[in-house]
Amino acid sequence: MTHADTTDPTVPAPYDPATVETRWQQRWAERGTNTVDLDGAPNPFYALMMFPYPSAEGLHVGNLFAFTGSDISARFRRQQGYQVFQPLGYDAFGIHSENYALKIGAHPMELTPKNIANFQRQLERAGLMVDWSAKVDTSHADYYKWTQWVFLQLYKQGLAYKKAAAVNWCPTDKTVLANEQVENGLCERCGTAVEQRFLEQWFFKISSYAERLLNNLDSLDWSTITKQAQRNWIGRSQGAEVVFPVDAHDVTVRVFTTRADTIFGATYLVLAPEHPLVDAVTVDEQRVAVQAYQDVTQRQDVIARKSVKHKTGVFTGAYAIHPATGARIPIWIADYVLMEYGTGAIMAVPGHDERDFEFARAFGLPIVRVVAGAEHDASTPFGDAAYTDDAGGRLVNSAQFDGLPVIDAKTKVTRWLEDHKHASAVINYRLHDWCISRQRYWGPPIPIIYCDACGTVPVPESQLPVELPFIPDFKPDDSGVSPLARHEEWARVPCPTCGKPARRETDVSDTFLDSAWYFLRYPSATNSTVPFDAARTKKWLPVNSYIGGNEHAVLHLLYSRFVTMVLHDGGHIAFDEPFTRFRAHGMIIRDGAKMSKSKGNVINPDVYMEEWGADAFRMYLMFLGPYEEGGDFRDQGISGVRRFLDRLWATVRDLSTEGAPDIDVMRKQHRTIKKVGEDSGSLAYNTAIAAMMEYLNVVRRGDRTAHRDEVLPLVQMVAAYAPHLAEECWAALGHSRSVFDAGWPTLDPTMLVDDEVELVVQVNGKVRGKLRVAVDVTQDAALAAAMADEGVARFLVGEVRKVIFVPKRLLNVVVG
RNA sequence: ACCCGGAUGGCGAAACUGGCAGACGCGAGGGACUUAAAAUCCCUUGGCCGCAAGGCUGUGUGGGUUCAAGCCCCACUCCGGGUACCA
């Protein structure tokens, strides 16, 4: 086979992707094409893609779709003159790997390197512009040493604490799950119903960053859906905490409400069954019923508790004093009030809250109207629903507040309650502290030592890493303690402070902690003395462009932001948001359905890259739909993209250097440069590819021989999409350096202006003709030309009432 | 239930800021080349009426605004995602 780098500048025929791709992958590795000078880059650009979990099944087509889109964006930036750093690594710790190892009877410490090697092979085959010298593997001690360091920083800053808490326990995976890992009361991984258990857990105080996590969103260049998902998750609600004294007791019930304006409609209170005041206020006659109800609730698993059903509850026999009216109102307990939100108690306003309405109807409690819509008055009865509209209503049955619009009443009633010491304005968040303890094996041991004399002692940074030992029996059991706790020889250590015998923490940390800081590690991946080098961090961070799946819109992205803020506050970094720009890619489905092993419609990328070539496969993935929306993978579609590459190849092979390029082709070329440039920058890859196809069709129209100048920029444009083929063509056209160092083709704006345009002529809004006119044609001249056109003229019956003229586009004549 | 998306030919999809709906590709039909097939190339391809010229109609449904609506407004249906007894 002849070579591109020989003196003979011809491309061998026909296009054989396997040869071309192998050749260029070797050359890139030899020449260091994909590595960047991390210390010297004058114009740095950090392009990050979410790193994969290296599953045993190998690279999923969804991974490749995500990575290819990110790769194109990075390659395009490089062509724009940036030194682009695009690293990739492996999120190798976690339940996924551990469960799979258990299933096939292997050990994760042996299995993970094999999986990584397989992923590595597939990723290299795909031809990504990844700087592999900066690879990270979260399960390697060189990495998790620093994950443990991150834990210690949180500890030092008072943001890591331990508490006994009701946690979500998965009886199948035998582990604690974060709230975020529970879906509808089911374990996100295995689908088992989650139970409640009480365990001592390590938590991070993410809730104290809630306001900052929320406010910073406004200044981030992120997709709106992602920002909205974070806002919802943080769940800020502004309201009031109202104090209700309990009649005949020396205690008060504090309730949280966002509808202080409806306080005159509060006809009873409800406590969560596990509320600490229940025992104190319950009267003797109700004690048996109350305790029975508490027992039932406690035994319920989380799904039963939280799935919507008919309302249940029990009267405590106690009464509270209404702070505004002085009335005695009954205190109930019911499982629809949740201990973990607000104060675990509510004032029930059945007239204006659906749940309270349902409860009041079920137990015959009074329902009072305190908000009237335009169609109501103070005594309009309720139908079968509460009136919850808070936009248009006015207060009624609310003493001095009658007649106030709800919007004003919210602040006025709250202020009045505050003035009389019945309430205080508060802000509540749905966001809970982050439980990071896992009673599991495959993760970084939490670097804490318990000493009888000194208490909880953090492992000194100089003693990191706390290595995860190789133990054959890593399987969790239902004792609630980590498998590591069964290994006394590992768990027993001298106290770092006093030297007396002490014990290690035997829980490992959540995988989400591994991934909450990995972007900081890449530029310093080979540095063994610090987690991240100050100068490199300053040069490369925050990340310029982050691309990943929206399934991480909440957890991973929120935790990364939190950890970044903490490290900023601890003086380790100068920025407090990690990702300047984030875009979520869509999902690839197949034949209209989600890909899954059970449906047998999973795509193995190896097979397609083998048959069509990595370039064609990459390009097809990008062509099948808008990158940010995803698309439907169909086997048939890939041939169209491959045909385009074949034609491009043949065009380069057969081109001419004689004479001058065609002016109309060159005009089209500059339009294409503009379009492909804009689309590549905004991730509109499908339309960028369409534009390149369109241009090639013009270049080859009528079987003409293309001129070199017509084709050269197309090779540059296609490079980010089909990098191997582009390099081969570029070399064949006489270049010795990589096409990625050749920049982006120059756009000549004068080539974009036409002297003539096609003007659409409408009569009464219907197209009746098209005219070629000068770009700067006047309305009068255009109208005259239109009237002279017989196709138009025959519709011009009656008097001309109006003429609309949009320069360069259309002329609409209204007659009749 | 709530919060985001979305609905366009046989299929995947385009359409900038309201200005020619269907770019680009797949598939299909026809033709060229070939002993033949594959590959390649050319033509046609939203629907209806028409020999044709041409006309009518068409972007989930019903209404509205406008000279002009896939795009804006109101009401609704269906699909996808997220959250979910959050007070």
Side-chain angles (χ1 to χ4, degrees), chain A residues 14 183-185 223-229 231-233 235-237 239 255-259 262 270 305-309 311 334-338 340-349 352-356 358-359 428-431 550-551 553-554 584 586-587 589 591-592 594 620 623-626 628-641 643-644 646-647 650 675 678 684 686-697 700 702-703 758-770 791 794 801-806 808-816:
Chain A
E183 285 173 1
N184 289 320
S223 3
T224 44
I225 11 158
T226 312
K227 289 202 214 182
Q228 196 52 45
R231 286 193 189 102
N232 292 342
W233 191 264
R236 181 185 200 269
S237 55
V255 305
F256 176 72
T257 180
T258 55
R259 292 296 304 273
T262 61
V270 189
R305 170 73 183 266
K306 290 206 172 171
S307 60
V308 185
K309 38 152 201 191
K311 296 283 179 285
D335 66 359
Y336 81 93
V337 175
L338 308 172
E340 67 264 24
Y341 186 78
T343 61
I346 62 155
M347 65 175 204
V349 184
H352 307 287
D353 180 280
E354 285 170 38
R355 295 152 300 175
D356 297 342
E358 206 186 313
F359 190 82
N428 234 300
Y429 299 93
R430 208 190 75 104
L431 182 68
N550 220 22
E551 69 273 19
V554 186
M587 234 181 38
I589 55 170
D591 301 323
K594 212 169 174 170
Y620 175 59
F623 186 58
L624 52 72
E628 294 182 72
E629 282 164 42
D632 196 345
F633 189 99
R634 278 163 207 270
D635 286 14
Q636 292 168 335
I638 194 167
S639 61
V641 169
R643 280 202 269 264
F644 165 73
D646 284 333
R647 277 198 290 265
K675 170 81 176 154
E678 286 166 357
N686 56 334
T687 48
I689 293 168
M692 290 188 273
M693 288 174 165
E694 214 177 314
Y695 177 60
L696 186 62
N697 290 344
R700 291 172 61 89
D703 213 19
E758 191 177 67
L759 191 71
V760 171
V761 182
Q762 297 181 334
V763 177
N764 291 343
K766 288 194 173 179
V767 180
R768 298 301 181 186
K770 291 168 189 182
R794 65 197 179 98
R801 289 167 184 265
K802 199 170 179 181
V803 177
I804 291 100
F805 179 63
V806 183
K808 290 187 233 180
R809 286 191 188 274
L810 116 168
L811 180 76
N812 185 11
V813 186
V814 185
V815 294

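In what follows, every chain begins at residue 1, and chains take the letters A, B, ... in the order their sequences are listed.
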**Asked** Does the Asp632(A) side chain pair with the main chain of Leu624(A), one donor and one acceptor, at a distance under 3.5 Å?
**Response** no

Polar atom pairs between nucleotides 6-11 of chain B and protein, under 3.5 Å, N or O only, would you list them?
{"unit_1": "C11(B)", "atom_1": "O2'", "unit_2": "Arg634(A)", "atom_2": "NE", "d": "3.4"}

**Rounded distance (nearest 0.5 Å) linking atom NZ of Lys675(A) with atom OG1 of Thr687(A)** = 4.0 Å

**Item:** C1' gap between G82(B) and A21(B), integer Å
**Value:** 33 Å

**Fill in**
Regarding the side chain of Asn232(A), the nearest nucleotide among C3(B), C56(B), G19(B) is C3(B)

**Message:** Nearest heavy atom decides the nucleotide; on that basis, is Met347(A) or Gly637(A) closer to the 5' end of RNA chain B?
**Reply:** Gly637(A)

Nucleotides 15-17 of chain B: which of its N/O atoms have a protein N/O under 3.5 Å away?
{"unit_1": "C16(B)", "atom_1": "N3", "unit_2": "Arg809(A)", "atom_2": "NH2", "d": "2.9"}
{"unit_1": "C16(B)", "atom_1": "N4", "unit_2": "Arg809(A)", "atom_2": "NH1", "d": "2.7"}
{"unit_1": "C16(B)", "atom_1": "N4", "unit_2": "Arg809(A)", "atom_2": "NH2", "d": "2.9"}

**Prompt:** If we take the P atom in both U61(B) and G10(B), what is their distance in whole Å?
**Reply:** 14 Å

**Request:** Can you figure out which of C86(B), C67(B), G19(B) approaches the side chain of Val814(A) most closely?
**Result:** C67(B)

**Item:** Closest listed nucleotide, where the reference is the side chain of Val760(A) and the choices are C20(B), C41(B), C86(B)
**Value:** C20(B)

**Item:** Side-chain touch Asp353(A)/Thr262(A), heavy atoms, less than 4.5 angstrom
**Value:** no

**Prompt:** Hey, is the main chain of Gly765(A) close enough, under 3.5 Å, to the side chain of Asn812(A) for a donor-acceptor pair?
**Reply:** yes

**Asked** Is G80(B) in the syn or the anti form, by the rule that syn lies within 90° of 0?
**Response** anti

**Message:** Let's see if you can work this out: which of C67(B), C85(B), A84(B) has an atom nearest to the side-chain heavy atoms of Asn812(A)?
**Reply:** C67(B)

**Message:** Using the P atom as the point on both nucleotides, what is the distance between C56(B) and U66(B), in whole Å?
**Reply:** 24 Å

**Message:** What contact category does Glu551(A) fall into here, base, sugar-phosphate, or nothing, at under 4.0 angstrom with non-hydrogen atoms?
**Reply:** nothing

**Complete:** Per atom distances to the Trp233(A) side chain, the nearest of C41(B), A87(B), U83(B) is U83(B)

**Prompt:** Can you check whether Asn550(A) has a side-chain N or O nearer than 4.0 Å to OP1 or OP2 of G5(B)?
**Reply:** no

**Asked** Quick check: are there more than 12 heavy atoms from other residues, nucleotides or ligands sitting under 6.0 Å from CD of Glu354(A)?
**Response** no

**Request:** With C1' as the reference atom in both, quote the distance from A14(B) to C20(B) in angstrom, rounded to an integer.
**Result:** 14 Å

**Message:** I'd like the C1' distance from C71(B) over to G22(B), given in whole Å.
**Reply:** 15 Å

**Message:** Any heavy-atom pair between the side chains of Val815(A) and Asn764(A) that's under 4.5 Å?
**Reply:** yes

**Asked** Is any side-chain heavy atom of Glu358(A) closer than 4.5 Å to a side-chain heavy atom of Tyr336(A)?
**Response** no

**Item:** Nearest-Å distance once atom C1' is located in both C24(B) and G62(B)
**Value:** 34 Å

**Asked** With a non-hydrogen cut-off below 4.0 angstrom, is Asp646(A) in contact with a base, only sugar-phosphate, or nothing?
**Response** nothing

**Item:** Rounded distance in Å - CD (Glu628(A)) to C1' (G81(B))
**Value:** 15 Å

**Asked** Across the strands shown, which category fits Arg236(A) at heavy-atom distances under 4.0 angstrom: base, sugar-phosphate, nothing?
**Response** nothing

**Request:** Kindly compute the distance separating CG (Leu811(A)) from CD1 (Ile804(A)), expressed to the nearest 0.5 Å.
**Result:** 8.5 Å

**Prompt:** Under the 3.5 angstrom rule, does the side chain of Ser223(A) hit a backbone N or O of Ile225(A) as a donor-acceptor pair?
**Reply:** no

**Prompt:** Between C86(B), G12(B), C24(B), which nucleotide has the shortest distance from any of its atoms to the side chain of Leu624(A)?
**Reply:** G12(B)

**Message:** When the P atoms of G5(B) and C85(B) are compared, how many Å lie between them, rounded to an integer?
**Reply:** 24 Å

**Message:** Strictly distance-based, threshold 3.5 Å: is any side-chain N or O of Tyr620(A) a donor or acceptor partner for the main-chain N or O of Arg634(A)?
**Reply:** yes

**Item:** Gap between atoms CG and C1', on Asn764(A) and U66(B) respectively (whole Å)
**Value:** 14 Å

**Request:** Identify which nucleotide among C85(B), C26(B), G25(B) has an atom closest to any side-chain atom of Ser639(A), counting heavy atoms from C-beta outward.
**Result:** C26(B)

**Prompt:** Taking the same atom, P, in U83(B) and in C76(B), what whole-Å distance lies between them?
**Reply:** 26 Å

**Message:** I'd like to check Val641(A) versus Met693(A) (side-chain heavy atoms, cut-off strictly below 4.5 Å). Are they in contact?
**Reply:** yes

**Message:** Can you tell me how far apart CZ (Arg259(A)) and CG (Asp356(A)) are? Round to the nearest 0.5 Å.
**Reply:** 11.5 Å

**Asked** Contact class for Ile346(A) (heavy atom, under 4.0 Å): base, sugar-phosphate, or nothing?
**Response** base

**Residue Pro626(A), side-chain atoms from C-beta onward, closest of G12(B), G19(B), A14(B)** = A14(B)

**Complete:** When Arg647(A) and Gly631(A) are each assigned the nearest nucleotide of RNA chain B, the 5'-most assignment goes to Gly631(A)

**Request:** Measure from NZ or CZ of Lys311(A) to the centre of the six-membered ring of Phe359(A) and say whether it is under 6.0 Å with the direction within 45° of the ring axis.
**Result:** no

**Message:** For C67(B), does the base pair up with any side-chain atom of Lys802(A) as donor and acceptor (N or O, under 3.5 Å, distance only)?
**Reply:** no

**Message:** Check the phosphate of G82(B) against Arg231(A), side-chain N and O only, distance under 4.0 Å to OP1 or OP2. Yes or no?
**Reply:** no

**Item:** Side chain of Arg643(A) - closest among U83(B), G55(B), G27(B)
**Value:** G27(B)

**Item:** Paired and unpaired positions of RNA chain B as dot-bracket, Watson-Crick or G-U wobble under 3.5 Å, | denoting a partner strand
**Value:** (((((((..(((......[....)))((((((.......))))))((((....))))..(((((..]....))))))))))))....

**Message:** Just to be sure I understand the rule, does Leu810(A) reach a base, reach only the sugar-phosphate, or reach nothing, if contact means heavy atoms closer than 4.0 Å?
**Reply:** base

**Prompt:** Where does the angle between the aromatic ring planes of Phe256(A) and Tyr341(A) fall among parallel (under 30°), tilted (30 to 60°) and perpendicular (over 60°)?
**Reply:** perpendicular

**Asked** Between A84(B) and Arg430(A), is there an OP1 or OP2 to side-chain N/O distance shorter than 4.0 Å?
**Response** yes

**Message:** By the 4.0 Å heavy-atom rule, please label Lys766(A) as base, sugar-phosphate, or nothing.
**Reply:** sugar-phosphate

**Prompt:** Choosing from G55(B), A87(B), A23(B), which nucleotide comes nearest the side chain of Glu694(A)?
**Reply:** A23(B)

**Asked** Can you name the closest pair of heavy atoms from Leu696(A) and Arg647(A) and give their distance?
**Response** CD2-CB, 3.8 Å

**Prompt:** Is the base of C85(B) touched by the side chain of Glu358(A) through a donor-acceptor pair closer than 3.5 angstrom?
**Reply:** no

